[in-house]
Amino acid sequence: MTAVVTRFAPSPTGFMHVGGVRTALYSWLYARKHGGRFILRIEDTDKEREVAGAIPHIIESLTWLGIEWDEGVDRGGPHAPYLQSERLDLYRSYAQKLIAAGHAYPDPYTENEVEEFRQKAEMEKRPFLFRDHRPETSDTWDGTKPLRFRAPRIMRYEWDDLARGRLGAGEEAVDDFILIKGDGYPTYNFAHIVDDIEMGVTQVMRGEEFISSTPKYLSLYEALGVTPPAFVTMPVILSPDGKKKLSKRDGAKDILEYRNEGYLPEALMNFLALLGWNPGTEQEFFSKDELIQAFDLSRIQISGAGFDEVKLLSVNQHWMRQLSVEDFITRGGFSGLDISKLKKAVPLLKERAHTFTEAREMLSGELSCLFSEPALDRSQLLAKERPDCPGMTKTALESLSEAIKSLSEGVSSEAVKEAIMPLANAEEAKGKGGRGAMLWPLRYALSGQERSPDPFTLISILGSGEAISRIRKAIGILEK
């Protein structure tokens with residue numbers, strides 16, 4: 001059997017969006033599943049649309065996600081160079097082969113003349129086909145004019161798509177398209193086929209927008225006497241409402257924005273893999289190795305896949321929870337905080353945060369009380385005190401302070417709860433405000449916030465000594 005070779009060949013014309021990254025991911029997964037090779041090639045023949053810095057950005061995006069390539073633009077390989085603008089001589093040599101075989105000819109028309117042909121076809125309500133204006137004789141191609149492919153007069157092309165089955169298109173899909181432009185650069189329709197042939201690509205993952213152009217590709221492969229690779233068409237990624245293709249307006253982001261927002265690469269890989277493919281089981285969470293083992297082209301769906309940001313958050317939270325405390329802190333980028341308290345706070349962050357950005361916001365917001373003593377408001381301390389029981393809050397805090405004294409440093413939240421709840425339950429039995437009359441001022445004295453973790457967790461993280469200090473401060477405020 002032929003060894004598997006797949007490729008990802010983006011154009012450096014902008015940021016890496018989820019659609020492009022998913023194409024790279026599926027190509028990479030298939031190559032890894034079958035022990036094949038994965039190539040990173042850059043298709044930079046459209047110089048007018050090229051964006052400065054796009055190539056390093058592509059490399060950085062794939063590297064962050066965990067997609068590694070065996071040969072490519074930044075590391076070389078047996079088919080170097082992997083930048084199309086550095087392969088122009090190769091395209092010209094293939095062009096000469098087509099000319100010699102009668103499959104290509106120089107375009108004799110100006111752009112204005114071609115536009116006139118197009119407008120006439122539109123007025124006559126028929127499709128514009130350049131082959132209807134193909135000259136009977138041609139001059140020798142000197143590279144100053146566009147070179148066109150001489151399309152065969154075939155009525156219909158059919159092919160097998162590894163994801164969608166039997167596909168086909170009629171004669172209107174086959175025309176005399178441009179192979180090499182007047183500026184000497186090849187078109188995508190020509191260059192990617194030459195490169196796939198030279199690099200031995202066996203499977204091509206692509207979006208459904210390329211289906212209509214497939215007859216062009218097949219006719220060119222036929223003219224070159226080469227068997228085409230297998231095509232694998234992926235479903236479109238839809239906006240959250242499921243009604244249209246995902247776009248920037250719908251929240252499509254540069255893939256590195258997810259990194260900057262605190263997402264884990266393993267979470268994004270997991271999410272994107274399931275965006276148009278399913279394993280045929282109920283499993284939701286896949287490590288990189290599990291994805292490689294499970295990936296199967298037959299499980300790629302045909303219908304569009306909706307981009308669900310809520311689901312992505314859930315997947316990311318799952319992978320954050322799999323991290324050890326040390327890895328969580330390292331990968332979260334936390335700095336300038338008491339490391340011992342931060343380690344104790346990690347379970348809280350895992351429980352509440354969906355991204356590392358959320359986790360950092362919590363540490364500077366509702367959890368800031370873990371690292372700095374809060375400012376207290378007397379009215380808030382007394383918020384649960386009944387008018388007919390003056391002094392109850394101060395008495396409650398004093399009782400709690402005595403109970404906490406018996407706790408050792410580093411005690412668990414469960415042990416704290418066991419020490420405190422009998423006091424709260426006794427207050428409940430008295431009918432003088434219930435447990436809240438005791439637990440509320442305790443939590444506020446520790447956190448200085450209306451919303452915070454429960455007091456048992458706070459004491460466990462702060463330590464009994466600091467907790468007592470904060471409680472005594474609150475009592476001092478009530479005594480004034």
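These figures come from a predicted structure and were not determined experimentally. Note that the numbering runs from 1 along the sequence shown for the chain.
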For residues 297-306, run the donor-acceptor check on the side chains, cut-off 3.5 Å, and write out each pair with its distance to 0.1 Å, sequence neighbours left out.
from: Ser298; atom 1: OG; to: Asp296; atom 2: OD1; distance (Å): 3.0
from: Ser298; atom 1: OG; to: Asp296; atom 2: OD2; distance (Å): 3.3
from: Arg299; atom 1: NE; to: Asn278; atom 2: O; distance (Å): 3.4
from: Arg299; atom 1: NE; to: Asn278; atom 2: OD1; distance (Å): 3.4
from: Arg299; atom 1: NH2; to: Asn278; atom 2: OD1; distance (Å): 2.6
from: Gln301; atom 1: NE2; to: Ser303; atom 2: O; distance (Å): 3.0
from: Gln301; atom 1: NE2; to: Gly304; atom 2: O; distance (Å): 3.3

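- Screening Arg41, Arg37, Arg7 for a side chain to side chain donor-acceptor pair (under 3.5 Å) with Glu71, the sole residue that qualifies is Arg37.
- Side-chain atoms of Gln449 and Glu366 form no donor-acceptor pair, as typed in the model, at a separation below 3.5 Å.
- Distance alone, capped at 3.5 Å, places no donor-acceptor pair between the Asp308 side chain and the Pro240 backbone.
- The closest side-chain heavy-atom distance from Tyr221 to Asp196 is below 4.5 Å.
- If you check the side chains of Arg49 and Ser11, you find no donor sitting under 3.5 Å from an acceptor.
- Sorted by first and then second residue, the ring pair (Phe, Tyr, Trp, His ring centres under 6.0 Å) pairs involving residues 59-84 (not counting sequence neighbours) form an empty list.
- Side chain to side chain, Asp139 and Tyr105 fail the donor-acceptor criterion of an N or O pair below 3.5 Å.
- In summary, the aromatic rings of Phe295 and Tyr26 are positioned with their centroids under 6.0 Å apart.
- Not counting sequence neighbours, the partners of Ser413 by the side-chain contact (heavy atoms from CB on, under 4.5 Å) test are Phe456, Thr457, Ser460.
- Atom CD of Glu122 is surrounded by 12 or fewer heavy atoms from other residues, nucleotides or ligands within 6.0 Å.
- The aromatic rings of Tyr109 and His133 sit perpendicular to each other, their planes meeting at more than 60°, with 30° as the lower class boundary.
- The aromatic rings of Tyr263 and Tyr258 stand perpendicular to each other, their planes meeting at an angle above 60°, with 30° marking the opposite boundary.
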Quiz prompt | Step-by-step side chain to side chain donor-acceptor pair (under 3.5 Å) determination, Thr110 to Asn112 | solution = CA-CA 5 Å; Thr110 65; Asn112 289 337; 5.1 Å; no
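- With ring centers used as reference points, Phe231 lies 6.0 Å or more from Phe210.
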